[in-house]
Number of protein chains: 2
Amino acid sequence: MKKITIGVLSKQSGVSADTLRYYERLGLIKPLRSASGYRHYGSDALRILCFIRGAKALHFTLQEIGDLLFLDASDKTTCAAVLKKTATKIREAEEKIEELHEIKKLLEKLTKACPGDETSAEACPILDHLCHGPSHKHAEHA
Amino acid sequence: MKKITIGVLSKQSGVSADTLRYYERLGLIKPLRSASGYRHYGSDALRILCFIRGAKALHFTLQEIGDLLFLDASDKTTCAAVLKKTATKIREAEEKIEELHEIKKLLEKLTKACPGDETSAEACPILDHLCHGPSHKHAEHA
DNA sequence: CTAAACCATAGAGTATACTCTAAGGTCAAG
DNA sequence: CTTGACCTTAGAGTATACTCTATGGTTTAG
């Protein structure tokens with residue numbers, strides 16, 4: 001199989017050489033070395049980088065991607081393990097969506113309550129909310 | 001007005017002394033100093049910390065909170081400026097929600113396609129997707 | 001053979017929001 | 001006056017995912 005250097009792989013993959021070395025430190029990719037110490041990547045390198053890109057797009061961390069790659073390489077890999085990690089990611093996504101929805105709703109409510117004109121912000125409902133918060137409706141005005 | 005030390009404010013606010021000093025470095029809060037150099041916080045300190053907490057909950061960064069606090073303190077503050085920053089936050093929240101929805105949908109689709117049993121993951125559609133990606137449906141199998 | 005282009009390493013810098021450590025000064029009680 | 005609690009500063013460490021710098025070795029074209 002053809003062996004390529006880090007610069008070539010970098011160009012082919014669009015992943016910087018620095019990042020390739022970083023991925024190697026994290027154990028995501030393990031190139032062979034030439035006699036002089038140069039990294040030599042095999043044909044699986046592009047496939048691995050593709051895998052990493054896909055997983056990153058789904059908000060897997062590099063740590064998690066490392067786990068998945070290890071699963072992928074292992075003989076004892078089970079789909080169940082992958083499914084479990086995926087389920088966790090779905091839950092995380094749902095929680096974040098929920099949180100962001102709450103934030104969006106609140107910001108929109110505040111926006112509607114705001115005159116939005118050039119008057120002073122001293123009585124701005126947005127700043128007011130940020131100060132007093134949604135938890136304690138009526139704090140003393142200090 | 002009563003002046004309190006950093007330890008007292010920390011206990012009253014639930015914000016660590018380290019964090020209070022950090023906020024000061026960022027210019028969010030500016031206590032006076034005693035002759036010996038001790039920080040002395042006025043009655044507005046708790047109000048400011050409350051403001052920071054509220055804004056953080058709405059995903060404003062400390063930098064953005066600093067801007068808002070400056071607006072709040074300024075005579076020329078306009079509600080319009082606050083409204084503009086809030087609108088930006090709403091857009092950001094919407095974008096993140098959209099992205100997470102895509103991710104969630106994809107993960108769920110992959111989960112449904114996965115047998116989820118104890119068989120080998122060599123043909124797992126999830127790993128397969130991560131490798132080949134949603135963009136190029138049929139890459140060479142390396 | 002030399003110069004350019006490429007590769008290697010270790011370690012620091014980026015961004016965000018803290019958190020902790022070390023070394024030392026201040027304050028209140030007994 | 002000493003002890004302990006509290007305060008000060010500068011700077012390093014944490015987490016994530018890179019990115020850059022410095023210094024020096026390798027490879028390839030002319």
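Here is the naming used below: chain letters follow the sequence lines, and residue numbers restart at 1 for every chain. Values below: all heavy atoms of this structure, side chains included; hydrogens, waters and symmetry mates excluded.
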So that I can tick it off, tell me whether K105(A) and E102(A) are bridged by a salt bridge, with the cut-off set at under 4.0 angstrom between side-chain N and carboxylate O.
yes

Taking atom P of dC6(C) as reference, at what distance in whole Å does atom CG of L9(A) sit?
15 Å

DNA chain D: L26(A) or K11(B), which has the more 5' nearest nucleotide?
K11(B)

Roughly how many Å is it from CZ in R33(B) to C1' in dT26(C), rounded to a whole number?
14 Å

Would you say that more than 12 heavy atoms from the other residues, nucleotides or ligands in this model lie under 6.0 Å from the CD of Q63(A), or not?
no

d(NE2, H59(B); P, dA17(C)) in whole Å:
11 Å

For S34(B), report the nucleic acid contact type (base, sugar-phosphate, nothing); a contact means any heavy atom under 4.0 Å.
nothing

With a 4.0 Å cut-off on heavy atoms, is I6(A) in touch with a base, just the backbone sugar-phosphate, or nothing at all?
sugar-phosphate

Within the pair S36(B) and dT8(D), is there a side-chain N or O less than 4.0 Å away from OP1 or OP2?
no

In whole angstroms, how far is the P atom of dC18(C) from the CG atom of L49(B)?
11 Å

Nearest to the side chain of Y23(B) - dA8(C), dC18(C), dC7(D)?
dC18(C)

Taking atom P of dT16(D) as reference, at what distance in whole Å does atom CD of E92(A) sit?
12 Å

Whole-Å distance, L20(B) CG to dC20(C) C1', equals 16 Å

With a 4.0 Å cut-off on heavy atoms, is R21(B) in touch with a base, just the backbone sugar-phosphate, or nothing at all?
base

Can you find a side chain N or O atom of T5(A) that sits less than 4.0 Å from OP1 or OP2 on dC7(C)?
yes

Salt bridge check: are R47(A) and D44(A) linked by an N-O gap of less than 4.0 Å?
no

Can a side chain N or O of R39(A) be found less than 4.0 Å away from OP1 or OP2 on dA8(C)?
yes

Could you please name the option among dC18(D), dC7(D), dT26(C) that lies closest to any side-chain atom of Y22(A)?
dC18(D)

Looking at K104(B) and E94(A), is any side-chain nitrogen of the basic one under 4.0 Å from a carboxylate oxygen of the acidic one?
yes

Taking the six-membered ring of F60(B), is NZ or CZ of K89(B) closer than 6.0 Å to its centre and within 45° of its axis?
yes

For the pair made of CD1 in I4(B) and C1' in dC6(D), what is the distance, rounded to whole Å?
15 Å

Gap between atoms CG and P, on L62(B) and dC18(C) respectively (whole Å)
5 Å

Within the pair K56(A) and dC18(D), is there a side-chain N or O less than 4.0 Å away from OP1 or OP2?
yes

Quick one: on DNA chain C, does D18(A) or Y38(A) contact a more 5' nucleotide (nearest heavy atom)?
Y38(A)

